Structure formats: C-alpha cells, structure tokens
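The structure appears below as structure tokens.
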Amino acid sequence: MAYSVTTQTPASRIAAIAGVILISLLIALPFFAGRGTIQDMFFILTMLVLAQFWNLLAGYGGLVSIGQQAFVGTGAYALFGVVILWGVDPVPAIFCAGIAALVIAVPTAFFAFRLNGAYFAIGTWVIAEVVRLLVAQWKMLGGGTGTSLPRDATRDMWFIESIESTLGLRSAAARDVLAYWLALVLALATIGGIYWLLRTRRGLALAAVRDNTEAAKSVGVDAGRMKWIVFLTSAFGTGLAGGLIYMQKARISPDAAFSVTDWTAYVIFIVVIGGIGTIEGPIIGVLVFFALQTLLADFGSWYLMTLGVLAVVVMLVAPRGLWGLLSEQTGLHLFPIRRRLTGGKLASSEE
Amino acid sequence: MIWVDTVIQGILLGGLYALFASGLSLVFGIMRLVNLAHGDLIVMGAYLILVLVTILGLSPFLAALIAMPVMFCLGWVLQKFLLNRTLGDDILPPLLVTFGLSIALQNALLETFSADSQRLPTSALTTASVQAGPVSLGVMPLLTFGSAILVIVALNQLFYRTELGRAFRATSDDPTTASLMGIKPANIFATATGIAFVIVTIAALYLGLRANFDPNIGPARLIYAFQAVIIGGLGSLWGTLLGGVIIGVAQTLGAAINPEWQILAGHFAFLLVLLVRPRGLFPRAND
C-alpha cells in the first residue's frame, strides 16, 4: 500500500454527512418556521459570517483588527448608495457592497500595515472612525441622521414576488425569508471558502506565517503578500455581510452602521469564546452568544459586561476557547486542515 | 489674530492629550503592552474623583490627590494578577483581554452612573483667564499643559535618576537578564502600571474639569492618546507631548473651519504623519 497524504478523519466524514442534513433543514426552514425564527436565524448567520472573517484575520493571519465596522458600514452605505442614487435592485447591490469594502480596504491596509502588532489594532479603529465621520458628511444619504431604502425598491426586489406566492407571505415577511436564504448562502460560501483556502498551498503558507514569520520567509513564503490576501478577502466578505444586514434592516445611520460594539466587539467575543483559530470556534461562539443574548436581553448593559468578563476569563483560562477545550479532550476536528501521512508502512494512520 | 488664538488653544489642548497618552506610552515602553481599556480607565478615574467630591465635599484637586493612591493600588493589582498573565510572544491575549476589560468597564460605569453626562464642580479658578498680549488664555488649559510638562519631566527623572527607573529600563530591554540581577519583572510591571494609573488620575481630573464626560467617551480618548504616542514615536515622552500638540492644533484648526471637521482633522493629521514618518517623529533606535 502506497503512502498518501490526507486531511480527512472519521469524525470529519460523519460531520460532512450531518452537515448535508443540517443544510437541507436550514434551506427548508422558511417553509415551517415563523417570522421570528427566520429573523433570529438571519442574525445568527450574519454574525457567523462576520466572525469567520474576523477569525481568518486574527486567528489565521495574526492581524487583530478593531476596525471591522469600517467594512460593514462601507458595504451597507454602498448598498444604500447604489439603490437610492442609481436605482439598482438591492439583491445585486449586495455585490457592490463587497466591492466597496474591498476598495476601502486597500488604503486601510496601506496605512494600518505600517503599524506593528498591537498598534495595528487601534490603527484600523482610527480608519473606521475616519470613514464614519466622512460618511456622516454625505448629505445625499441623510448625513448624520441616516436614511431608509425607498419602499418601491424593497417591494420589487428580485425573487420577492415568487417567495410571496410560493410561501403565501406578505412583502415584509418575504423580504426576511429572502434575506435569510441569502445569509445562508453567504455563510455556507464563507465557511466553505475559508476551509478551501486553508487546505490549499496558500493556507499552508498562512499557517506558517502565523506560527513563525521568519521561518516561513526562509522557506520562500511571501509573508507581506499573505497579509494583504487575508485582509482584502476578509474586507470583501465583511462588506457583503454589511450590505446584506442593512438590506434586511432597510434603515441606516452612520452611528449604527459603523458601531464598534455591534460589528467588532460582539464578533471578537464570539470568536474568543468559541475558539480562535478554528472554523468550528465561531460556530460554537455564535450559538453561545445568541443564547446569552436571549437570556440577558432584558438586562441592558449587564449583558455586554458579562460578555466582556467572559471573554477575559476564556482568554486567561482557555485561550483556545470552548471548541479548543472540547477538541483537546476528544481529538475531534470537524474541519480538519492538518495533513497526515497514511498508508505504506505506517500501521496506524492516527497520530 | 483669530488664527493665532486658535493655534494656541490647540497647543494647550495638546497638553490634555499628552496626559492621556503618557500612561499608555509608559506601559507600552516597559512591557510592550497596549492597554485598550486605557480610555475607559481615564473615564473611571473621573468618576472616582466625582464620587469623592460629592461624598466628602472636597475640591476636585484634593479629591484627585486622594484618588491617586487608590488608582495606583488598582493598577498594581490589575497588572500583577491579570495582565501579567497575558504577556508573552503572542499579541492576541493582551489585546483581547484589555478589549474585554474595556467593554466590561464601560458597561459597569453605564450601569452605576447612567449615561447622563457629568462634570466636576467648577470654581472661580476653572473659569478664570489671563490676558497674554492680544490673546486671553484660560487658567485651566494652562494648568493642564503645565501638568503635562511636569508629568513628563517627572517621568524622565524617574527613568534616568532613580533605582526604580534603572530597573524599568533594564526590564524593558531584557526581562530575563534583569531577573538575573535580582529584579522581579512581575513586580516591576505592576509598579509601572500603578504609576500609569496615577497619571491616568491626573488626566481624569483635567478631563472632568474641562468638559462633560459620560461612560461612552473612553474609546475616543484612547484613540487620541494612541495617535499622540504614534506621532511622537514609540518610547519618546517628549515626542508624545509634541504628538498631543499636533493632534490638538489640528483639531482646533479643523473646528475653526467647520465644527464637524474637528475630530476628522485630528485623524487626518495622524494619517499624514503615518504616511510621511511611519515610525513617528522621534523613534527609538530599536523596536
């Protein structure tokens, strides 16, 4: 028997089958779930997308950004801009949201990469503030008070009519279902895309840079280029999510769209609590986050305080998060990226 | 003439930003730790002074004097038992722990003191002004600027004239070798953070005397402090003062043109320096 390199594990094969079943269920969800559930699921899925992209940045790329709200806000405003000013349909406009975030990401990276390590974090925050203050000057889109999507744009969106007639829903509920399905597509594409990226040569290079930049450079990895790839990818994805989130909200203001709490703090807590540097971590994290939010929704600022303290405790006690703890105990990997040698004279394929 | 006045007000405002920044600069210089809760700690200091003023009926200056040792102990304990555990080669733990701390602290303040904006009680002194030629200068801004210079002179004296300062510098250069010489880096770090918290208290005093504050303004103070540190060059305290002055002047000039541009002008000045001199105006030789 010849040697072969594999990343699959029995657990990952079972997870793949379970995943297919889960995905089918999620696709069918609007046929039997109420509007509240759909809205909750939309929130969970979009937060998951933001968390996965922040995790790609910080967990795999070593780039701790506190400026993700720059890309959420830019994406959201780009969507409103092309819909209101150019009359584009909101669904294809989501793509413009991603492109706009990508465009903003280039100068952001240019400035922020000049700052090392911890200062990079605050640098991204400053740039997010600059973008927020500039957008607040944009009078066509409501300036500091914000604006709404025009009613005929939200009513005549792509697919809305067929969803209305198939599911027998009103226009507003049909919009939620459409947003949910788009969020599901985006979340699956994000997880699939990141998993694919991590298993390619680029992913290997990325892991090498994260573990030891100098060693990675010595074997020919272009560390600077990897940083750019990760930063731009994550900005594009975050922009798409931002566009989608505000397509569903249909109402925008600079303070909400560029909120550091909503789009960066929550996201960081999700990733840290779930487990940084894994694909499974943000999934666990977003579920814990949603459970906490449901439980503590009535307690206002106590809720954020709890999240903050929880993140500090997790970082100190279990720096790899809840998934890290579980994975250490059981050796479980649902999205394995480690390459292992099997076959040949190696009797056991494990370890 | 109005421009001269604007620039002078900006320079004096820069003193406040330098006070915000000195604590951040000190902690970073010694242990390469960026404390993302720094702005919220300043706001917490302002509330502590406010509580002392309200309960004991003291003047804000006296209250700050009492708050200083309290804050020192708080900083010492925070560093010794929490932040020291995050130090290491990995930059993630200190960043994420201090970020968590920042959010927790902000919301704890919000829960305790509500979102209403507060102000330390003003006396005749805080509203007085002196006439210097054609421009009139507020006594308060002058005091702030003077305190900033005093803090920086004191810190420099501490660093280069005392045994503790030598221990600071040795630990900053190489904690392992320093510990071979009988220095305990963990305690040195705790003392440094304690001193940073004393400076935070001074910054908090002037923050509370000069303007309204509420639990949400911490992050913006962190950003101004950070900009001052980066413009000045990491590790240079006089550079930090200059950085604060540049941000202050940019902000008052921006505000003079259009009130909405005040904060934006400060950010642009920062980005401009970053573009031209990425390592700041007075960078230290290494790191």
Side-chain angles (χ1 to χ4, degrees), chain A residues 58-59 62-66 107 110-123 125-134 136-137 143-144 210 212 260-261 264-266 268-269 271-273 276-277 299-317 319, chain B residues 24 28 32-38 82-83 85-86 89-112 114-115 215-216 219-220 222-227 229-230 234 258 260-268 270-271 274-275 277-279 287:
Chain A
L63 297 167
V64 182
S65 158
I66 313 184
F110 175 76
F111 281 108
F113 284 167
R114 289 169 170 248
L115 296 163
N116 264 334
Y119 280 103
F120 171 84
I122 317 185
W125 196 353
V126 170
I127 293 166
E129 280 298 292
V130 170
V131 180
R132 176 177 70 86
L133 291 166
L134 286 176
Q137 308 273 319
R210 178 195 57 188
N212 189 333
V260 66
T261 309
T264 299
Y266 284 156
I268 291 180
F269 293 152
V271 177
V272 168
I273 292 169
I276 194 164
F299 296 94
S301 40
W302 285 105
Y303 164 59
L304 262 169
M305 218 169 87
T306 314
L307 268 184
V309 171
L310 194 61
V312 170
V313 171
V314 166
M315 210 61 218
L316 288 175
V317 180
Chain B
L24 199 69
F28 183 84
R32 306 289 180 280
L33 174 82
V34 172
N35 186 352
L36 294 181
H38 189 75
L82 188 71
L83 298 181
R85 301 181 52 178
T86 67
D89 289 333
D90 194 357
I91 63 157
L92 274 174
L95 272 180
L96 299 181
V97 165
T98 54
F99 187 70
L101 207 63
S102 154
I103 300 287
L105 191 57
Q106 233 177 80
N107 287 283
L109 290 174
L110 206 58
E111 198 57 45
T112 323
S114 85
N216 293 317
L222 168 73
I223 286 180
Y224 302 152
F226 154 80
Q227 291 176 335
V229 172
I230 296 286
L234 294 176
N258 178 345
E260 288 183 16
W261 293 351
Q262 180 185 352
I263 311 296
L264 210 48
H267 291 331
F268 279 133
F270 162 72
L271 291 178
L274 199 57
L275 191 67
R277 297 284 301 261
R279 282 159 51 78
D287 73 49

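Letters A, B, ... are given to chains in the order of the sequence lines, protein chains preceding strands, and every chain is numbered from 1. All of these numbers come straight from a predicted model, not from anything done at the bench.
- Interface check for chain A: of the options Ile91(B), Val229(B), Leu110(B), Leu96(B), the most heavy-atom pairs under 4.5 Å are formed by Leu96(B).
- Using a 4.5 Å cut-off between heavy atoms, Pro94(B) makes no contact with chain A at all.
- For a residue to count as touching a neighbouring chain, one of its non-hydrogen atoms must lie under 4.5 Å from one of that chain's; by this rule Tyr303(A) does not touch chain B.
- Evaluation of the side-chain hydrogen bond (donor to acceptor under 3.5 Å, both in side chains) rule for Glu129(A) yields Arg132(A) as partners, not counting sequence neighbours.
- Both the backbone and the side chain of Ala265(A) come within contact range of chain B, each with at least one heavy atom under 4.5 Å from a heavy atom of that chain.
- Proximity to chain B (any heavy atom under 4.5 Å) is shown, for Leu310(A), by neither the backbone nor the side chain.
- Within the 4.5 angstrom heavy-atom criterion, only side-chain atoms of Gln227(B), from C-beta onward, approach chain A.
- Only the side chain of Leu115(A) comes within less than 4.5 Å of a heavy atom in chain B; its backbone stays farther off.
- Contacts of Leu316(A) with chain B are made by both backbone and side-chain atoms, with heavy-atom separations under 4.5 Å.
- No side-chain heavy atom of Arg279(B) sits less than 4.5 Å from a side-chain heavy atom of Arg114(A).
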Working for side chain to side chain contact (heavy atoms under 4.5 Å, CB included), residues Leu307(A) and Asn107(B): CA-CA 10 Å; Leu307(A) 268 184; Asn107(B) 287 283; over 6 Å; no

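- Top candidate by heavy-atom pairs under 4.5 Å with chain B, chosen from Val312(A), Leu304(A), Ile122(A), Leu133(A), is Ile122(A).
- Of the atoms belonging to Val130(A), heavy atoms from both backbone and side chain fall under 4.5 Å from chain B.
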Intermediate values then yes/no, side chain to side chain contact (heavy atoms under 4.5 Å, CB included), Leu222(B) and Asn35(B): CA-CA 9 Å; Leu222(B) 168 73; Asn35(B) 186 352; over 6 Å; no

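- Separation of atoms CZ (Phe111(A)) and CG (Leu271(B)) is listed at 5.0 Å; rounding is to 0.5 Å.
- Only the side chain of Leu95(B) comes within less than 4.5 Å of a heavy atom of chain A; its backbone N, CA, C and O stay farther away.
- Contact count versus chain B (heavy atoms, under 4.5 Å) is highest, among Val126(A), Ile127(A), Val64(A), Ile66(A), for Val126(A).
- Tyr224(B) is linked by a ring pair (Phe, Tyr, Trp, His ring centres under 6.0 Å) to Tyr17(B), counting only residues two or more places apart in sequence or in another chain.
- The candidate from Thr86(B), Leu101(B), Ile230(B) with the greatest count of non-hydrogen atom pairs under 4.5 Å with chain A is Ile230(B).
- Proximity to chain A is absent for every atom of Leu105(B), based on heavy atoms less than 4.5 angstrom apart.
- The shortest heavy-atom contact between Ala225(B) and His38(B) is CB-CD2, 4.5 Å.
- Expressed to the nearest 0.5 Å, how far CZ of Phe226(B) lies from CZ of Phe270(B) amounts to 4.0 Å.
- For the pair Glu111(B) and Phe299(A), the tightest heavy-atom approach, listed with the atom from each and the gap, is OE1-O, 4.3 Å.
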